[in-house]
Amino acid sequence: MSDMPDTHINALQWLADRGGEGVIDQYGAIVAQGERMSAGSAPVWLRLFTTEHVSSAGRNRIRLTDEGRSQTRSRGNPTYTAWDEWKRQLDEDEMGGGPYG
């Protein structure tokens, strides 16, 4: 992770957890997979556009860029969780491929 503000990382993670794409509603809020992000996040999304962490995906749509995905834990896969990461590391350790193997 980088030295980005937590609000930016949380916004990217929120979008990644919901498939990596969203729409901008009539009030400027982001809606992804039926969930609306809290109000007042427009300045955060504008900054993420200028830093190329998100891009346009069509009219009133945004999408995580590769740079944006690199700042998230799930890499945009809504089914990937901390449990999956722990399990992957455990499997590597048992097979001798991890840091303790």
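At most 12 non-hydrogen atoms from other residues, nucleotides or ligands lie less than 6.0 angstrom from CG of Asp66.
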Query - Working for side-chain contact (heavy atoms from CB on, under 4.5 Å), residues Ile30 and Glu21 - result: CA-CA 9 Å; Ile30 304 298; Glu21 286 192 24; over 6 Å; no

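Listed here is the closest heavy atom pair of Ala42 and Gly28: CB-O, 4.4 Å.
Residues Trp14 and Met4 share a hydrophobic cluster, clusters being chains of Ile/Leu/Val/Met/Phe/Trp/Tyr side chains in contact below 4.5 Å.
If you take CE on Met37 and CD1 on Ile24, they are separated by 13.0 Å, rounding to the nearest 0.5 Å. A distance of 11.0 Å separates CZ in Arg69 from CD in Gln13, rounded to the nearest 0.5 Å. In this structure, the separation between CG on Asp17 and CG on Asn10 is 10.5 Å, given to the nearest 0.5 Å.
Checking side-chain atoms of Ser55 against main-chain N and O of Thr65 turns up no donor-acceptor pair under 3.5 Å. Proximity of a side-chain donor or acceptor of Ser41 to a complementary backbone N or O of Val44 within less than 3.5 Å is not detected.
Between His8 and His53 there is no side-chain heavy-atom pair separated by less than 4.5 Å. Arg36 is listed as a side-chain neighbour of Asp25, based on a closest heavy-atom distance under 4.5 Å. Counting heavy atoms from C-beta on, the side chains of Gln33 and Leu15 never come closer than 4.5 Å. Looking at Phe49 and Ile62, their side chains come closer than 4.5 Å, going by heavy atoms from C-beta outward. Between Leu12 and Val54, the closest side-chain pair of non-hydrogen atoms falls below 4.5 Å.
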